[in-house]
Amino acid sequence: MKYIDEFRNRELAGKLKQSIEKEVVAGQQYNLMEFCGGHTHAIFRYGVQDLMPENVKFIHGPGCPVCVLPIGRIDNVIQLVQQEDVILCTYGDMMRVPASNRMSLLKLKAKGGDIRMVYSTQDALKIARDNPEREVVFFAIGFETTTPPTAVAIKTAHAEDLQNFSVFCNHVLTPAAIQSILESPEVRNMGSVRIDGFFGPSHVSSIIGSLPYEFFAEEFQKPVVIAGFEPLDVMQSALMLIRQINTGRHQVENEYSRVVSREGNLKAQSLVAEVMELRRSFEWRGLGMVPYSALKIKQAYDHFDAEQRFNMPTISASDVKSCECPQILRGAKKPTDCKLFGTVCTPENPMGSCMVSSEGACAAYWTYGRFRQQQHT
Amino acid sequence: MCLALPAKVVAIDKSTDTATVAVGEVKKDVSLALVDAVKVDDFVLIHVGYALNTIDQEEAEETLRLFAEAGLTDKLGNELTDEMTE
Ligand code: SF4
């Protein structure tokens with residue numbers, strides 16, 4: 001397929017591998033954090049870590065929207081479905097995420113909760129149009145990539161005066177989270193985690209552009225390379241990061257120039273700005289409360305805000321004991337450091353969110369790591 | 001969740017602001033609400049039923065050229081995993 005196959009070419013991967021080997025300085029450690037779950041997935045699926053020299057390590061970041069949503073927000077929608085006569089529309093990824101009391105949306109659906117998996121916000125709007133006598137709530141999650149489609153849905157509902165449609169907004173912002181990681185004690189004190197450079201998100205950046213990263217490349221003196229999601233993109237970006245580290249530079253470079261520009265998608269940005277505004281603070285699993293890291297629906301559209309329309313209290317719920325998702329999301333631990341990994345916790349029976357989404361670090365380790373081990377034995 | 005795919009625009013319906021796109025053999029309808037001036041035969045990045053951006057074909061060629069220049073020799077790395085050609 002065009003723009004996919006060429007970026008998975010084996011021969012070119014060999015060349016990139018050789019260049020990387022040539023450029024790394026012996027004795028120097030290169031710890032490169034990929035923020036995005038999409039990169040984590042690509043690194044595991046194509047075995048990119050195995051193509052890197054010993055001293056180049058990928059550290060997996062918190063860029064999996066399913067993984068960073070605090071359990072309390074899932075408890076919120078579970079309560080909503082139990083207490084009100086609503087149709088809940090959700091992206092499929094959320095169905096299996098464990099909530100409090102061993103509940104999940106999937107289990108609730110099995111018990112008769114009216115939960116519908118949708119592929120697009122357009123599907124959620126259609127369900128609302130087809131069921132005018134029912135309240136239809138869209139469970140909106142995701143980073144900047146997934147936010148504009150939610151904004152379009154709210155604007156469409158407004159234009160059509162769709163009275164029975166609302167959105168439970170959980171959209172979060174990438175730059176705030178990266179900053180929070182750089183300011184975390186683990187990174188600041190060079191304790192358990194050292195990060196030498198960042199892979200910037202692919203599709204998030206197609207919306208926000210490369211501009212927002214310029215601030216912290218400068219402020220924290222870390223190089224950032226915006227990287228595509230295909231294996232060759234990741235390798236080329238690693239090479240670009242290694243070159244910056246070797247020469248002591250800390251700039252924002254863009255490997256994914258076929259999609260990402262400096263200013264991003266202005267039409268999408270202005271749609272989002274019209275409908276949503278910053279929350280003062282929002283809880284992330286693993287990072288805690290992060291200031292100005294999420295969006296809520298503006299007052300002018302609060303008719304479409306499920307948090308205004310229904311009673312949705314702040315619920316603070318704790319993770320399953322001994323699930324290490326919070327540390328994994330900060331890059332402080334690896335999935336294999338978790339006692340439950342692969343024994344109690346598997347994709348069929350996930351204990352934490354990192355095992356649910358294909359972009360979660362635990363799921364990637366399980367799916368591809370185990371596969372490779374079997375090949376070797 | 002954040003995965004998006006490059007797809008080729010095969011038809012545009014102005015009245016609904018949607019396009020029919022093809023990813024390999026698979027066809028889909030996506031909204032054009034987030035992009036401007038998309039034409040038939042353009043490549044767009046699609047995500048949860050929306051076109052997010054147009055793919056710049058010249059930049060794509062340029063990136064591929066950079067990859068090709070990367071190694072100074074043409075010798076193939078032999079330790080590549082099999083998944084690479086998947
Ligand atoms: S393996 Fe399961 S329990 Fe352990 S950190 Fe990952 S998701 Fe949590």
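In what follows, chains are A, B, ... by sequence order, proteins preceding strands, each numbered from 1. Heavy-atom basis, side chains included; hydrogens, waters and symmetry copies ignored.
Between the side chain of B:Asn53 and the backbone N or O of A:Asn265 there is no donor-acceptor pair closer than 3.5 Å.
Between atom CG of residue A:Leu232 and atom OG1 of residue B:Thr63 there is a gap of 11.0 Å, rounded to the nearest 0.5 Å. Interatomic distance, A:Gln122 CD to B:Thr16 OG1, rounded to the nearest 0.5 Å: 9.5 Å. Distance check: B:Tyr50 OH to A:Thr145 OG1 gives 14.0 Å after rounding to the nearest 0.5 Å. With rounding to the nearest 0.5 Å, the separation of CG in B:Leu52 from OG in A:Ser202 is 11.5 Å. Between A:Lys267 atom NZ and B:Asp36 atom CG the span is 4.0 Å, to the nearest 0.5 Å. Atoms OG and CD1, on A:Ser257 and B:Ile55 in that order, are 11.5 Å from each other to the nearest 0.5 Å.
For the side chain to side chain contact (heavy atoms under 4.5 Å, CB included) with A:Arg258, the qualifying choice from B:Glu58, B:Glu59, B:Gln57 is B:Glu59, the only one to do so.
Contacts between A:Glu255 and chain B at a heavy-atom distance below 4.5 Å involve backbone atoms as well as side-chain atoms. Of the atoms belonging to A:Asp123, not a single heavy atom falls under 4.5 Å from chain B.
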Starting from the C-alpha separation in whole Å, work towards a yes-or-no answer on side chain to side chain contact (heavy atoms under 4.5 Å, CB included) for A:Ile207 and B:Leu34.
-> CA-CA 10 Å; A:Ile207 302 294; B:Leu34 300 173; 5.5 Å; no
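Residue with the most contacts toward chain A among B:Leu64, B:Val30, B:Val44: B:Leu64 (heavy-atom pairs, distance under 4.5 Å). When the candidates A:Pro149, A:Ala268, A:Ser120 are compared by the number of heavy-atom contacts under 4.5 Å with chain B, A:Pro149 comes out ahead.
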